[in-house]
Number of protein chains: 2
Amino acid sequence: MKEIFASDRDGSGGAGGTPPAPAALAAKVRTLAPSMTRSMQRVAEAVAGDPAGCAALTVTGLAELTGTSEATVVRTARLLGYPGYRDLRLALAGLAAQQQSGRAPAITTDIAVDDPIADVVAKLAYDEQQTLADTAAGLDTAQLAAAVTALATARRTDVYGVGASGLVAQDLTQKLLRIGLVAHAHSDPHLAVTNAVQLRAGDVAIAITHSGSTGDVIEPLRVAFERGATTVAITGRPDGPVSQYADHILTTSTARESELRPAAMSSRTGQLLVVDCLFVGVAQRTYESAAPALSASYEALAHRHRS
Amino acid sequence: MKEIFASDRDGSGGAGGTPPAPAALAAKVRTLAPSMTRSMQRVAEAVAGDPAGCAALTVTGLAELTGTSEATVVRTARLLGYPGYRDLRLALAGLAAQQQSGRAPAITTDIAVDDPIADVVAKLAYDEQQTLADTAAGLDTAQLAAAVTALATARRTDVYGVGASGLVAQDLTQKLLRIGLVAHAHSDPHLAVTNAVQLRAGDVAIAITHSGSTGDVIEPLRVAFERGATTVAITGRPDGPVSQYADHILTTSTARESELRPAAMSSRTGQLLVVDCLFVGVAQRTYESAAPALSASYEALAHRHRS
DNA sequence: GCCGAGCCGAAAATATCTTTCAGTAGTGAC
DNA sequence: GTCACTACTGAAAGATATTTTCGGCTCGGC
């Protein structure tokens with residue numbers, strides 16, 4: 001009895017930083033799979049394929065099932081954002097329970113050359129929906145909120161993106177301009193760098209790259225970073241080189257790609273969702289000025305529509 | 001007392017000894033509560049009252065929380081039908097996950113100024129998923145197939161779009177170029193019209209406009225139509241003015257919009273799905289030349305990625 | 001007040017998870 | 001083609017959590 005008073009109430013405490021994922025696990029597996037090693041991928045695959053089964057296994061059991069070692073299992077759990085295997089297992093049990101009570105995830109096959117057009121539509125739509133769900137689930141809201149704050153108070157904002165990501169950069173820029181912010185999109189690497197030099201503390205630089213290793217957008221971000229601007233990376237590979245110059249990292253889902261389904265397709269969908277979230281977040285923060293600006297731009301366009 | 005123990009063993013033994021309780025835990029607690037000792041009741045109470053919280057605790061933590069000992073916690077777990085505390089904890093995590101997923105549908109409401117950022121993400125993702133589903137369901141595959149055929153055999157293709165739709169036009173153009181087709185995107189209405197004059201039968205002109213009444217893209221489409229080119233409209237308003245000059249109409253979903261959620265946001269998602277479908281369709285038709293072109297462009301970009 | 005039955009918790013024993021460390025395969029440079 | 005290097009991997013040691021054991025304790029009956 002007496003020991004109770006002496007004992008410390010807080011036994012769990014500990015874990016600071018980011019909260020793990022409850023049901024966003026499948027999403028996280030898909031998102032992080034590319035940055036995993038072979039052994040870890042085997043573990044991740046087993047986990048994603050049979051959450052209920054894996055939840056019943058100990059580290060040793062799962063290691064044997066996947067033909068790897070305990071260390072690899074723990075490493076995988078860490079990569080997925082859990083402090084250790086114990087917590088991954090807990091999340092796994094939760095996921096299994098949800099799946100059992102809810103819906104079963106449909107698995108789509110790849111697009112074939114001879115697929116009828118109706119199948120193409122269905123598969124593409126499903127894939128992009130999946131990308132949206134995964135991206136939403138995997139998005140770090142703390143990072144997002146920080147990026148929104150930075151944007152809302154920035155003197156000016158530069159957005160870097162080339163190729164398909166360049167269009168996303170332009171999309172974000174268009175939106176920010178509509179609510180009265182100063183934003184520029186750069187697709188030309190040289191101009192991007194020369195403009196980045198002008199940035200200083202309080203400004204914001206955003207790099208958009210699916211691979212996380214596109215030199216043409218990393219370079220201007222590095223310059224902006226070194227000039228003291230707040231830097232944001234929107235990438236599918238949070239472990240990529242771009243992240244070393246990013247104050248805030250917003251991760252998009254990495255759906256599998258194939259010959260007829262280039263990566264640019266689904267990555268763009270995820271990137272646009274992130275961009276939309278940024279925009280709405282900023283619009284909320286600056287509502288007083290954003291709302292009238294939005295209405296004004298809407299009315300200004302009205303006369304360009306034929307009846 | 002021994003009868004209780006025996007009957008309990010039979011009860012769980014009826015399920016083969018292995019499967020305990022997934023979600024029927026609260027019920028089991030109430031049922032078995034009378035046959036519990038005081039300490040065990042405290043444990044059972046804590047478990048039933050806050051499954052999620054207890055799932056985060058170790059056996060020691062739960063013992064301290066309830067002012068009992070580890071042994072008592074384990075004994076309680078056994079009484080509830082689990083082999084030990086470890087398994088009770090797993091079931092607890094599952095229960096918590098189920099409860100949490102139960103209160104999900106707060107998404108259907110509009111985005112408010114004071115919505116937390118996490119809600120914004122969920123709502124936007126849900127909305128865009130909805131747009132994808134609606135667009136896929138409403139897409140006329142016959143029209144789509146006809147448009148694909150026209151594109152695959154076209155001498156050249158012009159795509160018109162202004163504002164947000166201009167980015168979609170560029171996206172389509174980028175993709176078509178990657179598989180060796182001749183395509184141009186036009187955001188400048190004047191240039192669009194002057195280029196449209198060059199089109200003739202066998203060429204394709206595509207107008208992208210959500211409202212279906214954007215004069216700046218209707219005008220070049222009209223010119224192309226009159227020059228004998230095959231014309232395609234990607235619009236959210238198939239009854240709009242743009243359709244009168246379109247041989248093939250591809251309809252995108254029109255999701256509701258609001259102050260903080262401009263139409264450009266979800267319309268863009270639907271337009272991009274249509275564009276992707278066009279691209280994949282054309283890539284299928286021209287597979288012999290498209291596949292090597294895709295690989296080539298992929299490899300050509302590889303060296304622009306940092307390691 | 002004494003006795004017995006069974007509840008309870010501290011600590012030992014065991015299982016499980018985590019970390020460390022060294023071997024190995026893959027990779028790029030020369 | 002060879003070499004050096006990086007980084008993945010698994011075995012075993014180390015740390016934690018769980019389970020078992022065992023003796024003290026309370027409570028009711030006589």
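So that the names make sense, note that chain A is the first sequence line, chain B the second, and so on, each numbered from 1.
Relative to the side chain of A:Val74, the nucleotides D:dG10, D:dT19, C:dT19 differ in distance, and C:dT19 lies closest. When each of D:dG10, D:dT18, C:dG9 is scored by its nearest atom to the side-chain atoms of B:Ala71, the top-ranked nucleotide is C:dG9. For B:Thr37, counting side-chain heavy atoms from C-beta on, the closest listed nucleotide (C:dC7, D:dC8, D:dT19) is C:dC7. When each of D:dA17, C:dG26, D:dG10 is scored by its nearest atom to the side-chain atoms of A:Arg38, the top-ranked nucleotide is C:dG26. In this structure, of C:dT19, C:dC17, C:dG26, it is C:dC17 that holds the atom nearest to the side chain of A:Arg89.
Between A:Thr58 and the phosphate of C:dT16, there is no side-chain N or O to OP1/OP2 separation shorter than 4.0 Å. The side chain of B:Arg78 places an N or O atom within less than 4.0 Å of a non-bridging phosphate oxygen (OP1 or OP2) of D:dT20. Side-chain N/O atoms of A:Thr72 include one lying less than 4.0 angstrom from OP1 or OP2 on D:dG10.
Mapping A:Thr60 and B:Arg42 onto DNA chain C via the closest heavy atom, the residue that lands nearer the 5' end is B:Arg42. Remark on DNA chain D: of its neighbouring residues B:Tyr85 and A:Met40, the 5'-side contact belongs to A:Met40, judged by nearest-heavy-atom nucleotide.
Under 4.0 Å is where a charged nitrogen must lie from a carboxylate oxygen, and between B:Glu70 and B:Arg75 no such pair does. No salt bridge links A:Glu45 with A:Arg42; every basic N to acidic carboxylate O contact stays at or beyond 4.0 Å.
Side-chain contact of A:Thr68 with A:Thr66: a donor-acceptor pair under 3.5 Å is present, judged by distance alone.
Between the P atom of C:dA13 and the CD atom of B:Glu70 lies a distance of 16 Å, rounded to the nearest Å. Note: CG (B:Asp87) to P (D:dA17) measures 18 Å, nearest angstrom. Straight-line distance from the CG atom of A:Leu79 to the C1' atom of C:dT18: 17 Å, rounded to whole Å. Atom CZ in B:Arg86 sits roughly 10 Å away from atom C1' in D:dT16 (whole-Å rounding). Remark: C1' of D:dT16 and CG of B:Leu62 are 17 Å apart, rounded to the nearest angstrom. Between the CG atom of B:Leu90 and the P atom of C:dC17 there is a distance of 10 Å, given to the nearest Å.
In this structure, B:Arg75 reaches the bases: a heavy-atom distance under 4.0 Å links it to at least one base atom across the strands shown. Among the atoms of the strands shown, none is found under 4.0 Å from any heavy atom of A:Gly61.
In this structure, the side chains of B:Gln174 and A:Leu167 come closer than 4.5 Å at one or more pairs of heavy atoms.
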For a salt bridge (Lys or Arg N to Asp or Glu O under 4.0 Å) check, start with the C-alpha distance between A:Arg268 and B:Asp276, then their side-chain angles and the critical distance, and finish with the verdict. CA-CA 11 Å; A:Arg268 179 207 57 199; B:Asp276 286 350; 2.7 Å; yes
